[in-house]
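Data first, discussion second: the structure below is written as structure tokens.
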Amino acid sequence: MSTPKMKPNFIKDIIDDDMKTDKYGGRVHTRFPPEPNGYLHIGHAKSICLNFGLAKEYNGLCNLRFDDTNPETEEMEYVESIKDDVRWLGFDWEDRLYHASDYFEQLYEYAVQLVKKGKAYVCDLSMDQIREYRGTLTEPGKESPYRNRSIEESLDLLERMKAGEFEEGARVLRAKIDMAHPNVLMRDPTLYRIRKKDHYRTGGEWCIYPTYDFTHCLSDSIEGITHSICTLEFENNRPLYDWILDELGVHHPQQIEFARLNLSHTIMSKRRLLELVEEGLVSGWDDPRMPTLSGLRRRGYTPESIRNFCDEIGVAKANSIVDIVMLENSIREELNKTTPRVMAVLRPLKVVIINYPEDKEEELEAVNNPEDPSMGTRKVPFSRVLYIEQDDFREEPPKKFFRLAPGREVRLRYAYFVKCVDVIKDEKTGEILELHCTYDPATRGGDAPDGRKVKSTMHWVSAKEAVEAEVRLYDYLFTKRDASEVEEGKDFKSNLNPNSLATLTSCMLEPSLKDAKPGSRFQFERLGYFCVDTVDSTPDKLVFNRTVTLRDPWEKIRKQIEREK
RNA sequence: UGGGAAGUCGUCCAACGGUAGGACACAUGACUCUGGAUCAUGGAAUCGGGGUUCGAAUCCCUGCUUCCCAGCCA
């Protein structure tokens, strides 16, 4: 299977130029460099598809590298989840699984080299002092009093930092660049800091850890990366990336920045997602409302649909917010073609077919997928007592409501025409308890021999054989299109959608669903795509997640009617 | 008020000096045993102002708006 070519974008333009000029000997080598401090989300998927996709398109390679230089936040659990998610998305790093922490020794040697070259020094200023000395965006900084200490002294101090002789925060290693540089990142940035914390991989071996800026460029260099693709906020770091590599005279990949993905009605900040998890506002990183890959997976999204989405949204340098309906479109598109149809009633309304014999029961043939005849047919039982959707009946139908109403005839899919003859209500509350209908035996299978038409076809489930299940309906996690746009004095959680989850407990499914396996997907006709929850579903008590609704013109009409009232 | 970057249909992305195009969304119609799917049709954009050019989204000047940077986070 050949993957279609990535749409044109500015990164491909750059690579094309590099190929023409033979900048890297015709090589393309990228990497996906997550920090294992959280779960991957759909924004990472964009980066993964880009990096692995580019490598594939140019017959190159893409590494998976954990950017693990901060022992405070990183954990093995995250490493495992990230590997799972990348694999699930459909990408393969083969034998190229790397860790920045693998390079600690080498990185330290580079640091020593820089000191020896007079391009780095150990600074005894406190964190606050360093901040003061840095100056501001508009004013230059001033040089640290330790800036010009001898190379020998810095070397000695660095050695002793490494040996654990100093407290956290007592000293750092800094690059010696230019305290008056208009880019504040170039004002003698920190290269190493002391952290007396065990690292999830190197344990207690190190008590000094290299910073991102020092680590990232050199890791890229060590791995022979050609195009180091990152997000826009690192544009300011590029001069430093280049400076370090140039001073050390090592292989020099090209850093290219693109705009990270923002999706409407959700957030992409790992810090904030973690906050939702920790405060129990969602059930976990894999809550089906989360934009995480594990959340989307549990929700019923497929890897292919996410890859298609990433292709569709393109790559550019302009900050933007992609409407989440594009994501929904991508999953509908796939599931429409691949998913078996099935009948399920979410909010049951009992219907008695009064002229259908008490003990009679028959099986009717239903098509599994009209998009794919090879998926065949199945039998669904029909009997005197059925359930239909509460929404499919209106005692006083508004205009354009074509479904069941008193005196009106509709088709029960694959079954019969039925006509509503009576509405049974609770005498006290007025609540509709059940409907009495008659059926026309001549319409078996769903067609009337006399050619008469109905305006609506409805799904239904035979009461006797029905399988009861729980169904979870999801809506957007945040109410605002730009979920990060918060009112003065409030935080992002004030934008949470209080109705993002609705749990329905007495849903009635057709019996063919009885043995549905966790993770399997179905279209509940007229309702949407659903998948069996992989965490909470059991054979005795099935739990379904709604992945996405079907397009629903009636919903639009309904809202319009409501507005006109 | 320093430095870096970005502004194209409602949204996202193309067009690389030569007819502004695609996807999603929207609207209308056809078809339909899912108000699904499918098909057809339509509306819809170059941040403003100058300039160069036969010709500018693209090149130049200028203004405006938005985003990023003052972690020993990444």
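Throughout, a chain's letter reflects where its sequence line sits, starting with A, and its residues are numbered from 1. Note that these values count all heavy atoms, side chains included, but never hydrogens, waters or copies made by symmetry.
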Can a donor-acceptor pair under 3.5 Å be found between the side-chain atoms of [X] and the base atoms of [N]?
| X | N | result |
| --- | --- | --- |
| A:Asn236 | B:rC68 | yes |
| A:Asp13 | B:rC16 | yes |
| A:Glu233 | B:rG4 | no |
| A:Arg332 | B:rG36 | no |
| A:Glu371 | B:rU38 | no |

Just call it for [X]: base, sugar-phosphate, or nothing, with non-hydrogen atoms closer than 4.0 Å on any strand.
| X | value |
| --- | --- |
| A:Ile557 | base |
| A:Leu173 | nothing |
| A:Pro370 | base |
| A:Arg131 | sugar-phosphate |
| A:Lys400 | base |
| A:Thr136 | base |
| A:Arg341 | base |
| A:Arg134 | sugar-phosphate |
| A:Tyr209 | nothing |
| A:Ile313 | sugar-phosphate |
| A:Ile130 | base |
| A:Val325 | sugar-phosphate |
| A:Asn37 | nothing |
| A:Ser456 | nothing |

Worksheet item: Hey, are A:Asp450 and A:Arg452 close enough for a salt bridge, meaning a charged N less than 4.0 Å from a carboxylate O?
Response: yes
Worksheet entry | Salt bridge present between A:Asp188 and A:Arg147 (N-O < 4.0 angstrom) | yes
Worksheet item: Any side-chain donor paired with an acceptor under 3.5 Å for A:Arg260 and A:Thr231?
Response: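 The criterion, which ignores hydrogens and geometry beyond distance, is not satisfied for A:Thr231 and A:Arg260.
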Worksheet item: Do A:Gln255 and A:Glu257 get their side chains close enough for a donor-acceptor pair, meaning under 3.5 Å?
Response: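 Side chains of A:Gln255 and A:Glu257: pair found under 3.5 Å.
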Distance to the ring centre below 6.0 angstrom and angle to the axis at most 45 degrees; does that hold for [X] and [Y]?
| X | Y | result |
| --- | --- | --- |
| A:Arg171 | A:Phe166 | yes |
| A:Lys270 | A:Tyr39 | no |
| A:Arg394 | A:Phe401 | yes |

Worksheet item: Taking the six-membered ring for Trp, is the centroid-to-centroid distance between A:Phe524 and A:Phe544 below 6.0 Å?
Response: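 Yes; A:Phe544 has its ring centre under 6.0 Å from that of A:Phe524.
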Fill in: A:Phe104 ring center near A:His199 ring center (under 6.0 Å)
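That pair passes the under 6.0 Å test.
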Worksheet item: Atom CD1 in A:Ile256, atom CD1 in A:Ile229: separation rounded to 0.5 Å?
Response: 5.5 Å
Worksheet item: If you round to the nearest 0.5 Å, how far is NE2 of A:His41 from OG1 of A:Thr292?
Response: 9.5 Å
Discussion item. Would you measure the distance from the C1' atom in B:rC9 across to the matching atom in B:rA20 and give it in whole Å?
Written reply: 10 Å
Fill in: C1' gap between B:rU8 and B:rC69, integer Å
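B:rU8 and B:rC69 have their C1' atoms separated by 28 Å.
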Worksheet item: Using a heavy-atom distance cut-off of less than 4.0 Å, which residues of residues 179-195 of chain A contact RNA chain B?
Response: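 A:Pro182, A:Val184, A:Thr190, A:Arg193, A:Arg195 - these, ordered by number, are the residues of the stretch whose heavy atoms sit under 4.0 Å from the strand.
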Discussion item. Using a strict heavy-atom distance below 4.0 Å, which residues from residues 546-555 of chain A are in contact with RNA chain B?
Written reply: A:Leu550, A:Arg551, A:Asp552, A:Pro553, A:Trp554
Fill in: Atom-to-atom span, CD of A:Glu328 to P of B:rA37 - whole angstrom
13 Å
Worksheet item: Are any non-hydrogen side-chain atoms of A:Val172 and A:Ile194 less than 4.5 angstrom apart?
Response: no
Worksheet item: Side chain of A:Asn70: nearest nucleotide among B:rA6, B:rG35, B:rC73?
Response: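 The answer is B:rC73.
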Worksheet item: For RNA chain B, which ranges pair as stems of 3 or more consecutive Watson-Crick or G-U pairs, with both donor-acceptor distances under 3.5 Å?
Response: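 Stem list for RNA chain B: B:2-7 with B:64-69, B:10-13 with B:21-24, B:26-30 with B:38-42, B:47-51 with B:59-63.
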Discussion item. For A:Tyr103 and A:Glu223: C-alpha separation, side-chain torsions, deciding distance, then whether side chain to side chain donor-acceptor pair (under 3.5 Å) applies.
Written reply: CA-CA 10 Å; A:Tyr103 310 138; A:Glu223 292 175 20; 2.5 Å; yes
